[in-house]
Colleague: 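Below are the structure tokens for one structure; questions will follow.
Nothing here was measured: the structure is a model prediction, and the numbers come from that model. Every number for a ligand or one of its atoms is a count from 1 in the order of the listing.
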Amino acid sequence: MILAIKQITITFLLVAFTSQVFSNNLFKDPPTKKSKPNIIVIMADDLGYADVGFNGCTDIPTPNIDRIAKNGVVCTNGYTTYSVCGPSRAGFITGRYQQRFGFERNPQYRPHDPNMGLPKSEATLAETLKKVNYTSGIIGKWHLGADISNHPLNRGFDFFFGHLGGGHNYFPESLNIQDSYSAENENQSYKTWILKNHTPIQTKKYLTDEFSDEAVSFIENSQKKPFFLYLSYNAPHTPLQASEKYLKRFPNLQGKRKTYAAMVSAVDDGVGMVLDQLEKLNLDENTLVFFLSDNGGPETKNGSNNGPLRGMKSSVYEGGFRVPYAVQWKGNIQPGIYHEPVSSLDIYATIAALSKAPIKKKKPLDGTNLIPFLNATQKGKPHENIYLRKFDGKFHTIRNNNLKLVINGKTSKKELYNLKDDIGETKNIANKHPKDVERLSQLSQEWDSHLIDPIFLGLIHTKEWQKKLQRKNKKN
Ligand code: CA
């Protein structure tokens, strides 16, 4: 019942929103400008599907994130390539399904292991855009390898202000390890000083505010050439920590949800600062801005809300990897709502196409330039299928049109859902549609045949896990 109400609320808000945005007819013909567009990707961390205004959130106002939606397009079926942080970010930053190159686990924090992170055989978006004279900056969370060989400045970026691991403490007084490379594990990595390029610095403000300030400066400093800014907030990922400035905005919320709301609100302020800066510098018509989360909300951990979607972070159900997703490019894309599935992979493909950046033939992109689809100048849809594999859990899932197949490799159970009538994946219709189950299984297998096994151990492979494995091997 609650799910149904949530669903109705979201549908209603989307309809209301559509009529509102279509009334502001900002659409013009596609750009004829000679200059290459800038791109800003604002990625939130562990933000729930229903925790932005444009997806129906009411208890956490996100007026600035909603500006992107109003200026541009809300993608209601926006997917990432994985349901936890590291692999999802590896997919986004390479434009390729990360299972193709073995990045299928959250990496351990290993600052002296060059193989624990993004393989050097893949080209990051920053590396590709460098070939067409872009300046690239990443502000916030990296999480693609803590060894110096994978430092952002060694992976195509010209500027870095952030942390190497998968999460971080937010208050300056809780950052007490100066040298990021002396932290010995993920826990310790949360306490390292922030790196400005290669230099550890002591921050003064709440971390989200530090990142927002740096983003504004980066835009100011980079405007003479085309730029790519990856504003990679670690919020609202745990630890749940928020400053009074944001907490006091939510007197009626309690517990985790209150702190979470404050953290989201801080991100929203930052998004507003970025958009204001683009307007002030008259860059907004030459800058694409994507907003998305890296995976679904871990509702029980951080108080997020995935609305009508089943499951949460790390799941193969929609709540795991269908995320808030909006894109603006003022004057160049038609404002509205887009319902066909899109992927975080499409960001790379879109800017590569617009900037005419060369792509290696041996490393074809898995995404699609979204602009012609969003502007309805191209028929069809960006993706025939959306895929996910979770190697350790032995799960596969594939979405084809509105049908979604979930295969549990441990039990061999196959579930089929029709997302059009059943967004919450509540009615398994596999028995009624055996031919579709077979067809989707084959498509999934075909995709899987191009993947490799994970190339490094992950955060789940703790000392406990190693001991268990040793005991098991002794028995055999
Ligand atoms: Ca995440």
Colleague: Just grab all the side chain to side chain donor-acceptor pair (under 3.5 Å) pairs involving residues 77-88, residues at least two apart or on different chains.
Modeller: N77-R322, N77-R399, Y79-E318, Y79-R399, T81-Q98
Colleague: Is I371 close to W329 at the side-chain level, that is, under 4.5 Å between some pair of heavy atoms?
Modeller: yes
Colleague: Measure the shortest side-chain to side-chain distance between M263 and Y206 over non-hydrogen atoms and say whether it is less than 4.5 angstrom.
Modeller: yes
Colleague: Protein N, O or S atoms less than 3.0 Å from the Ca ion (ligand 1), ignoring waters?
Modeller: D45 OD1, D46 OD1, C85 SG, D294 OD1, D294 OD2, N295 OD1
Colleague: Between R96 and D366, is there a side-chain N and carboxylate O pair less than 4.0 Å apart?
Modeller: no
Colleague: Side chain to side chain donor-acceptor pair (under 3.5 Å), that's the test. Do Y325 and T76 meet it? Break it down for me.
Modeller: CA-CA 7 Å; Y325 192 124; T76 55; over 6 Å; no
Colleague: Is there a side-chain contact between N150 and K120 (heavy atoms, below 4.5 Å)?
Modeller: yes
